Structures are given as structure tokens and as C-alpha cells.
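In what follows, a structure is listed as C-alpha cells, so that the remarks can point back to it.
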Amino acid sequence: MTKLLEMNHALRFSGGLYRTTSCRLNVASLALATSPSQSQFSGGYCSIPPPSRLKLTCYATLSAVVKTHESAFDGKEAASLVDELRTNFNTGRTKSYEWRISQLQNIAKMIDEKEKAITEALHQDLSKPELEAFLAELSNTKSSCMLAIKELKNWMAPETVKTSVTTFPSSAQIVSEPLGVVLVISAWNFPFLLSVEPVIGAISAGNAVVLKPSEIAPATSSLLAKLFSEYLDETTIRVVQGGVPETTALLDQKWDKIFFTGGARVGRIVMAAAAKNLTPVVLELGGKCPALVDSDVNLQVAARRIITGKWGCNNGQACIGVDYVITTKDFAPKLINALKTELKTFFGENPLDSKDLSRIVNSFHFKRLESMMKENGVADKIVHGGQTMEDKLKISPTILVDVPEGSTMMHEEIFGPLLPVVTVSKIEDGFQVIRSKPKPLAAYLFTDNKELQNQFVQNVSAGGMGINETVLHVTLKDLPFGGVGESGIGAYHGKFSYETFSHKKGVLYRSFDGDSDLRYPPYTPEKKRVLKALLSSDIFGAILAFFGFSKDS
């Protein structure tokens, strides 16, 4: 990979990109940049400096693979696919309860019958441990599917709402209807969960769906294409594999919604493409997720939960994983020692040999993380770990203390096994550290201080939160999962998935009885008095006005 990049600086991106010195979006352009001064990403170009001055930004769908051949899936084929799915959607088949429930049942069946194949694909792509694959991907996806099967009739049922005196006699309902043909672009770090869970929501809501899985997890992407064609209705549910050309061709089409999981910078590109057709978007992005640790905690439990929320989440390659820790200068040594002790318990003396630790997804990301550790002023801040094994794409759990604020590690999403610890004089100072950065997808606080908990919830903005816990909030299907600000737009999980792929249509029902001429011309003073009283909910005044009297008379 490195040799290829040295030979040709044309870089391909899929849901992630480099931080660059200058950038101009050109969503319509599809040609590969062949000049050493340009790089291509989904639907645009970015001017970049030479590799020696290149700053990187890591997101869950980042790719750096030189394009070697023309894609067979172009804009014409993408348009044909969307037209076919829209024609099939317009027959009404996806709107029926029977179609929706049958597809959901088939997804549950697929997970049960192909658990081994899915686990093997995840291991092939990420060396993901079997238990982690089951808990984080298969179990969560199956749980979402079973909840949808159980609740689908309730979700589909119209919701009756109150009417007013101005429409009496009448009734009203909120009716959920599918949006139409939707596009789901997923990420590589949890390639099964982040592909199938939004598809469950789209199917539950009665949509036709195109899934574009990440090519950076090729084994899972290929398996998803095979399993979807085997278990699901191919006339309304499709998988399109490929990289930037395929993604760009898809983004050029007219969709009824686009659901994207990846980074904020490419989220802007997806949003720009969607804006051409006024297509609504859900952007599940990421950011620097902090964990603020007070000194009144159960030290062992806090350390174990932080480790699980960092290295137990795909070895740090997770959008909700702990990106950095904030604690006081006095407490930092105790917390770091506890983290070291529990890391040894979890992953052994040599974590590079541990089968319970995922590898870095590819050599590009390995080099990116390695370069973060080697930056000036950073390497000497390592207090634990730092070992690497390039041939196996392994980096050991690494803890750093008070890394320079100007370093890449403190400005960009790390998305790997490096954990900087930021120290402050008093714990409340950590609030300002968090607020000085873009709003994260998740924020965590460890304390038994109820007042501090309340202050954290009220004063820190994040997509979601965990108090004395990490990542588990996303497993609760009654909680929405989504970002705020640069960490995302929209939410899903459970009923929120159904709603994000539905349109809530307001419907008023009236009969021909009880019609009044009050609303019709000619507009007389008497009518005005009655209507004003009615609209003010003054029933007595309306009755008086109707008979030609006033409350003041």
C-alpha cells in the first residue's frame, strides 16, 4: 500500500478522507484524480500536499486504495436499479404487513443459520474475536430484528389524535407511510451490525432498500451480498458492492432517504449530493468521545468499563468508543495503574499475541495510527504499550498522558487503540475540555457525585451518554442512537429506526354533516364574533355571538 501511494498520490476514499490544506467539493465529478496534487473521495476532489506534509483524518469508512480498473457499475446501471426498485415499490407490495414481517423473519433466520459464516467473515476482515463478534454484531442485530417482529403491528397502527372545536365533528390520525426507495451506506468497523440494523428499520417501515456495504471489509461485504440474495426479496432489496465509483454512482440518483455511517467530512459530501434532489439524510458520524473520571469511583470497575469501551470495541475502532480520558492530576496515576493492571488481566503480558484483541483493519490505518504515536512531542508521552507488529496489523493498547493539544491525536478522531489521558486541576474543568471540541457521538462520566452527574447531563452536549458505563447505552432499544452537531443528524434503533424511515402523515376525517356557513363568505361581523370566540375556546361567548349577543352587552 505504501509503495503504491509513493508511486501515485491518487487516493480513493469511501466514507472517509484526508484533512487537507484546501478542498473543493465536486459531487458530480466521477473521474479519478491522476495528478499527484489531487485525491478522490466519494463525489469530490481534495487538493493535498505531498505525503511528507499530509495530515490524516480517520473515520469508519476510510479507504486509501488506488483505483486500478473501471467499474462495471456506473451511473446508468445505478439509475436502472433505482428505477426497477421504484417500479416494484409502486406496486405496493412492500407496504403490506405480510411482506414486512416475512423479510424480518428471514433476517432472523439468516442470522441463526449463518452465524458461523458471519463470524468467520468478521474475523477475516478484522480478526474480531468470536465472542465480541457475537455480542457486538450478531446479538445486537438479532435483538433489533426480534423487537421489530414483535412490535411491527403496533408501529404500523395509525395513532389517533385529538381534534378541535373548529373541525367538529371530526376525527384525526397520524398514519405512518414508507418513504419509498432508500439507500444505506454502511461502515467497515462493525460491518454486519451497521449494515443490517438500518436495513431492518427500512424494511419495517415498508421501503425498498439498496445497501452499500464497505469494501474495506470485503469478506463481510461479499457475504452480505450473497445472504441478502438468498434470504430476502431481490425485487425490492439489493446489495451493491464496490468502492468510490459505485458509491458515487449511487449518490447521483434520486432517493427518498440516504442513511450514511462514516465520518463528518464525507457526511458533508453525502449531504451535498442529497441536497441536489432535496433528499433527507441520516448521518451517523462520530467524533472524539470523552470519558470524564472523578476520584470517588470504584477504581477497578471504572477501569474495566473504560477498557471495554476502548479496546473491547474493535480495539478502539468504534465511533462510540472512548477516544480520550479526562481526570485530575492527582488522580491520574491511580487511574493509569488500574488501567494497566486490568489490561494485563484482559489481554495478558503480550497483548499483541492476544486472540481477544482485534487487529487494525488495514496497513493504511496501521500507518496512520503509528504516525500519530511518532509525532513530535507525542512519543515521550507514552506510559503504557506502544508496541506494534506491522505484519499482523497489531498495535497494543497504548496509554499516553498530557499529549500536546496541537497534536493530531487531540484534534482528530483516533479510531484505534491509543488512549490519551488529559489531566485537569479539578474535575469540573473537564467540561470545558469537552466543550472546546465538536460535539461527540457519546460522552461518558464516572462518578458517584449526583450533582456532578446532573451538571454533566445538563451542560455537556453529545449524541448519547453513559454514567458510570461506556457504550452499553446503544444496546437499549428504547433510547435513540444518533449524533448532534458534527457527530450526526437523525437517530435510529428500535422504534426510532422505524420512524426514521417513515413519513408521519396527518389525516383529518370529517363527514358531510354539521356543515356551517361561518367559514364561508360573505364575512359578516356576526360571523367574525362567533369565529373569534370559537378560536379562543370561548364556547359561552361563541353561543352568545351566534344569537347576536355579546358578553359585554
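Not measured: the values here are computed from a predicted model.
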Exercise. Given side chains that start at C-beta, do those of Val422 and Met410 come closer than 4.5 Å, heavy atoms only?
Worked result: yes
For this session: Quick one: do Glu115 and Ile111 satisfy side-chain contact (heavy atoms from CB on, under 4.5 Å)? Show the steps, please.
Result: CA-CA 5 Å; Glu115 178 179 331; Ile111 295 171; 5.7 Å; no
Problem set entry | Over 12 foreign heavy atoms within 6.0 Å of CD, Gln241 | yes
Exercise. Distance-only, no hydrogens or angles: does the Thr388 side chain make a donor-acceptor pair with backbone N or O of Glu390 under 3.5 Å?
Worked result: no
Seminar exercise, completed: Smallest heavy-atom separation, Trp311 atom then Leu357 atom, equals O-CD1, 3.9 Å
Problem set entry | Val293 vs Ile326 side-chain heavy atoms within contact, under 4.5 Å | no
For this session: State the SG-CZ distance between Cys319 and Phe190, to the nearest 0.5 angstrom.
Result: 7.5 Å
For this session: Could you tell me whether a side-chain N or O of Arg359 sits under 3.5 Å from a main-chain N or O of Asp125, the two making a donor and an acceptor?
Result: yes
Exercise. From Ile203 CD1 over to Asn106 CG, what is the distance, rounded to the nearest 0.5 angstrom?
Worked result: 9.0 Å
Problem set entry | Side-chain donor/acceptor of His365 to backbone N/O of Gly416, under 3.5 Å | no
Exercise. Does Arg305 use its side chain to pair, donor to acceptor, with the backbone of Asn468 at less than 3.5 Å?
Worked result: yes
Exercise. Is there a side-chain contact (heavy atoms from CB on, under 4.5 Å) between Phe446 and Val325 once you walk through the steps?
Worked result: CA-CA 10 Å; Phe446 288 85; Val325 166; over 6 Å; no
For this session: Nearest 0.5 Å please: distance from the CD atom of Glu137 over to the NZ atom of Lys142.
Result: 15.5 Å
Exercise. Is the side chain of Thr345 donor-acceptor paired with the backbone N or O of Thr341 at a distance under 3.5 Å, no angle test?
Worked result: yes
Exercise. Just by distance, do the side chain of Ser487 and the backbone of Gly483 share a donor-acceptor pair under 3.5 Å?
Worked result: no
For this session: Give a yes or no on this: more than 12 heavy atoms of other residues, nucleotides or ligands lie within 6.0 Å of atom CE of Met465.
Result: yes
For this session: For residues Arg368 and Ile414, report the shortest heavy-atom separation together with the two atoms involved.
Result: NH1-O, 3.0 Å
Exercise. Are Glu113 and Lys116 close enough for a salt bridge, meaning some N to O gap below 4.0 Å?
Worked result: no
For this session: Show your working on side-chain contact (heavy atoms from CB on, under 4.5 Å) between Val282 and Tyr492 and close with a plain yes or no.
Result: CA-CA 9 Å; Val282 172; Tyr492 72 126; 5.5 Å; no
Exercise. Does Asp112 CG have over 12 foreign heavy atoms under 6.0 Å away?
Worked result: yes
Problem set entry | Straight-line distance of Glu370 CD to Ser363 OG, nearest 0.5 Å | 11.0 Å
For this session: To the nearest 0.5 angstrom, please state how far the NZ atom of Lys340 sits from the CG atom of Asn337.
Result: 5.5 Å
Exercise. Does Lys329 offer a backbone N or O that forms a donor-acceptor pair with the side chain of Thr423 under 3.5 Å?
Worked result: no
Problem set entry | Close side-chain approach of Glu120 to Leu223, heavy-atom, < 4.5 Å | no
Problem set entry | Ring-face cation contact, Tyr324 with Lys437, 6.0 Å cut, 45° max | yes
Problem set entry | Test of ring centre spacing under 6.0 Å for Phe415 and Trp188 | yes
Exercise. Under a 4.5 Å cut-off applied to non-hydrogen side-chain atoms, are Ser407 and Glu375 in contact?
Worked result: yes
For this session: Please determine, by modelled atom types, if Asp294 and Thr447 share a side-chain donor-acceptor pair under 3.5 angstrom.
Result: yes
Exercise. Do Asn314 and Glu132 have side-chain heavy atoms sitting under 4.5 Å apart?
Worked result: yes
Problem set entry | Smallest separation among heavy atoms of Leu104 and Ala148, with atom names | CD1-CB, 3.9 Å
Problem set entry | Shortest non-hydrogen contact from Pro440 toward Cys289 | CB-CA, 4.0 Å
Exercise. What closest approach, in Å, do Ser461 and Val484 show between heavy atoms, and which atom pair accounts for it?
Worked result: OG-CG1, 3.8 Å
Exercise. Can a salt bridge be assigned to the pair Lys394 and Asp353 using a cut-off of 4.0 Å between side-chain N and carboxylate O?
Worked result: no
Exercise. Nearest heavy-atom pair of Ile336 and Val421: which atoms, and what distance?
Worked result: CG1-CG2, 4.5 Å
For this session: Take Lys344 and Glu349, measure what salt bridge (Lys or Arg N to Asp or Glu O under 4.0 Å) needs, and give me the verdict at the end.
Result: CA-CA 6 Å; Lys344 180 180 176 181; Glu349 292 283 356; 2.7 Å; yes
Problem set entry | Leu400/Leu418 under side-chain contact (heavy atoms from CB on, under 4.5 Å): CA gap, chis, key distance, verdict | CA-CA 8 Å; Leu400 310 93; Leu418 317 180; 4.3 Å; yes
For this session: Answer yes or no: does atom NZ of Lys109 have more than 12 heavy-atom neighbours from other residues, nucleotides or ligands under 6.0 Å?
Result: no
Exercise. If you measure from the Lys or Arg side-chain nitrogens to the Asp or Glu carboxylate oxygens, is any gap between Arg268 and Glu486 under 4.0 Å?
Worked result: yes
For this session: Determine yes or no for a side-chain-to-main-chain donor-acceptor pair under 3.5 angstrom, with Glu342 supplying the side chain and Gln300 the backbone.
Result: no
Exercise. Does a donor on one side chain sit under 3.5 Å from an acceptor on the other, for Thr261 and Glu284?
Worked result: no
For this session: Answer yes when Glu413 and Lys288 have at least one side-chain N-carboxylate O distance shorter than 4.0 Å, and no when they do not.
Result: no
Exercise. Is there a side-chain contact between Phe456 and Leu292, using heavy atoms and a 4.5 Å cut-off?
Worked result: yes
Exercise. Is there a side-chain contact between Ile185 and Leu251 (heavy atoms, below 4.5 Å)?
Worked result: yes
For this session: To the nearest 0.5 Å, tell me how far Ser143 OG sits from Glu197 CD.
Result: 8.5 Å
For this session: Ignoring hydrogens and angles, tell me if any N or O in the side chain of Ser222 forms a donor-acceptor pair with the backbone of Ala219 under 3.5 Å.
Result: no
Exercise. Can you tell me if Ser371 uses its side chain to pair, donor with acceptor, with the backbone of Leu369 under 3.5 Å?
Worked result: no
Exercise. Any side-chain heavy-atom pair from Phe346 and Thr308 closer than 4.5 angstrom?
Worked result: yes
